[in-house]
Amino acid sequence: MTATFPARALRALTLVLTAGAAGLALADDDENKRLNINHPEYRSECGSCHIAFPPALLGAESWRAMMAGLDKHFGSDASLDAETSAVITKFLVANAARRDTAGSDGRPQLRISDTPWFRKEHRDGHDGITPGIFRSAAVKSAANCAACHRNAAEGDFSERDIRIPKNGARS
Ligand code: HEC
Ligand code: HEC
């Protein structure tokens with residue numbers, strides 16, 4: 001099993017991303033870019049420090065591993081009580097990418113922004129991505145999806161809503 005997403009074409013990518021999302025009614029191409037984050041506890045508990053990332057962008061094992069280590073969450077303590085944690089884990093796993101997102105060491109990857117799919121889709125030169133943009137003052141981190149995807153907080157990553165800030169400048 002390989003961990004790479006077959007991102008040959010936008011359509012293929014979109015199909016893969018949404019394939020694991022249960023209960024998504026997909027109307028047209030643009031609707032396909034809307035990734036389910038429709039869960040109140042998830043949005044409030046996991047959408048306070050950063051956007052509520054779409055579950056479909058990581059595999060189930062990655063989400064399980066992340067939820068098992070919330071006390072040491074990227075340098076933050078994001079601990080939850082056992083009940084809330086169980087409810088959120090269930091939502092994440094049910095909507096996870098169908099393929100697993102393991103790193104080269106075989107361990108589940110915890111960052112969407114480290115997955116082969118993400119790196120390919122956001123490589124230098126692709127659709128306005130300029131070298132260093134992710135570390136620029138305006139973006140700061142690849143995890144800061146909303147710096148470019150203006151409706152990321154709503155789970156919407158449609159191309160028409162992407163605005164890439166000028167390198168180093170404020171958006
Ligand atoms: C106390 C603040 C806080 C809370 C609450 C929190 N996180 Fe995070 N999270 C962070 C920080 C800080 C990072 C690292 C951001 C960066 O690298 O720019 C992060 C990164 C992430 C990433 C990796 C982003 C990427 O692709 O680089 C994921 C996925 C994630 N969090 C999921 C969750 C989930 C799921 C929850 C709820 C259980 C949650 N977070 C709750 C602070 C938080
Ligand atoms: C520096 C700007 C920038 C940041 C930050 C960024 N992206 Fe993107 N993203 C882009 C660009 C540009 C594309 C390519 C759009 C295309 O294919 O035409 C893209 C494509 C995508 C796509 C595919 C959209 C499509 O139409 O097929 C998804 C999903 C996505 N990004 C998710 C994320 C997530 C999740 C994060 C944060 C963890 C993120 N992006 C951070 C600029 C960014």
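Whatever order the structure lists them in is the order used to number ligands and atoms, beginning at 1.
Here the CG atom belonging to D114 is positioned 10.0 Å from the OG atom belonging to S104, to the nearest 0.5 angstrom. Here the SG-CD1 distance, from C148 to I129, works out to 6.0 Å after rounding to the nearest 0.5 Å.
Around atom 8 (Fe) of ligand 1, protein atoms of type N, O or S found under 2.8 Å number 2.
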Check against side chain to side chain contact (heavy atoms under 4.5 Å, CB included), I51 and H149:
CA-CA 11 Å; I51 63 153; H149 296 275; over 6 Å; no
Please evaluate residues W117 and I112 with respect to the criterion side chain to side chain contact (heavy atoms under 4.5 Å, CB included), reporting the C-alpha separation (whole Å), side-chain torsions for both, the decisive distance (0.1 Å), and the verdict.
CA-CA 9 Å; W117 160 77; I112 295 164; 4.0 Å; yes
Side chain to side chain contact (heavy atoms under 4.5 Å, CB included) for R34 and N151? Distances and angles first, verdict last.
CA-CA 10 Å; R34 225 183 154 83; N151 296 326; over 6 Å; no
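Shown in contact with L57 at under 4.0 Å from a heavy atom are these atoms of ligand 2, numbered in order with element: 35 (C). Using a 4.0 Å cut-off to heavy atoms of I112, the atoms of ligand 1 that qualify are 25 (C), 26 (O). In summary, the atoms of ligand 2 found under 4.0 Å from a heavy atom of I162, numbered by their order in the structure, are 11 (C), 13 (C), 15 (C), 19 (C). Shown in contact with M67 at under 4.0 Å from a heavy atom are these atoms of ligand 1, numbered in order with element: 38 (C). Here is the list of ligand 2 atoms found below 4.0 Å of a heavy atom in I164: 12 (C). Using a 4.0 Å cut-off to heavy atoms of L70, the atoms of ligand 1 that qualify are 38 (C). Atoms of ligand 2 lying under 4.0 Å from any heavy atom of A142, numbered from 1 in the order shown and given with element: 37 (C), 38 (C), 41 (C). Against a heavy-atom cut-off of under 4.0 Å, L110 is close to the following atoms of ligand 1: 23 (C), 29 (C). Per-residue contacts place I129 under 4.0 angstrom from the following atoms of ligand 2 (heavy atoms of the residue considered): 12 (C), 42 (C).
Within the structure, ligand 1 lacks N144 among the residues with a heavy atom less than 4.0 angstrom away.
L58 and V87 are members of different hydrophobic clusters when ILVMFWY side chains are connected at heavy-atom separations under 4.5 Å.
Nearest heavy-atom pair, P54 versus I37, reported as atom, atom and distance to 0.1 Å: CA-CG2, 3.8 Å.
Remark: minimum distance from atom 25 (C) of ligand 1 to any protein heavy atom is reached at S113 OG, 3.4 Å. In terms of protein heavy-atom proximity, atom 15 (C) of ligand 1 is closest to A143 CB, 4.0 Å. In this structure, the protein non-hydrogen atom closest to atom 32 (C) of ligand 1 is M66 SD, 3.3 Å.
Distances from atom 20 (C) of ligand 2 to the heavy atoms of R111, K120, E121 show the closest one on E121. By heavy-atom distance, the residue among F134, W117, F118 lying nearest atom 39 (C) of ligand 2 is F118. Across the listed options K140, E159, H122, H122 owns the non-hydrogen atom lying nearest to atom 10 (C) of ligand 2.
Here ring-ring contact (aromatic ring centres under 6.0 Å, His included) pairs that include residues 56-110, with residues two or more places apart or in two chains, are H39-F91, Y42-F91.
At a threshold of 4.5 Å between non-hydrogen side-chain atoms, the residues L57 and F118 do not count as touching.
For the salt bridge (Lys or Arg N to Asp or Glu O under 4.0 Å) test, residues two or more places apart in sequence or in another chain that qualify with E154 are R43. Scored by the salt bridge (Lys or Arg N to Asp or Glu O under 4.0 Å) test, E41 finds no partners at all (sequence neighbours excluded).
The side chain of I133, and not its backbone, has at least one atom closer than 4.0 Å to an atom of ligand 2 (non-hydrogen atoms only; side chain from C-beta on).
Polar contact check, S141 against ligand 1: a nitrogen or oxygen pair lies under 3.5 Å apart.
Using modelled atom types and a 3.5 Å distance limit, the side chains of D81 and T84 yield a donor-acceptor pair.
No side-chain donor-acceptor contact under 3.5 Å links S113 to the backbone of A143. A distance-only check finds a donor-acceptor pair linking the side chain of R163 to the backbone of R160 [under 3.5 Å].
Residue N38 qualifies as open at atom CG: its count of foreign heavy atoms under 6.0 Å is 12 or below.
Among the backbone and side-chain atoms of C148, none of the N, O or S atoms lies under 2.8 Å from atom 8 (Fe) of ligand 2.
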